[in-house]
Amino acid sequence: MTAHSATAANVRTGGPQGDGPKIVEHAMGWVLVVVVAMLVTQLGLL
């Protein structure tokens, strides 16, 4: 293993954290679904 590949394995890319509260993520997902549904109905796309 070279020095570059050893350091690259530890680099964080800014993706989702594995230790975050799942209930907040779940609630925000449903809020997004409701907001998109409201926008679709208001624009008359449904």
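By the rule that hydrophobic residues join a cluster once side-chain heavy atoms approach within less than 4.5 Å of another member, Val36 and Leu45 end up as members of one cluster.
The side-chain hydrogen bond (donor to acceptor under 3.5 Å, both in side chains) pairs that include a residue from residues 29-43 are His26-Trp30, where partners are two or more places apart or lie in different chains.
Under the side-chain contact (heavy atoms from CB on, under 4.5 Å) criterion, Val31 pairs with Val35, not counting sequence neighbours. In terms of the side-chain contact (heavy atoms from CB on, under 4.5 Å) criterion, residue partners of Leu39 (sequence neighbours excluded) are, by chain and number, Leu43.
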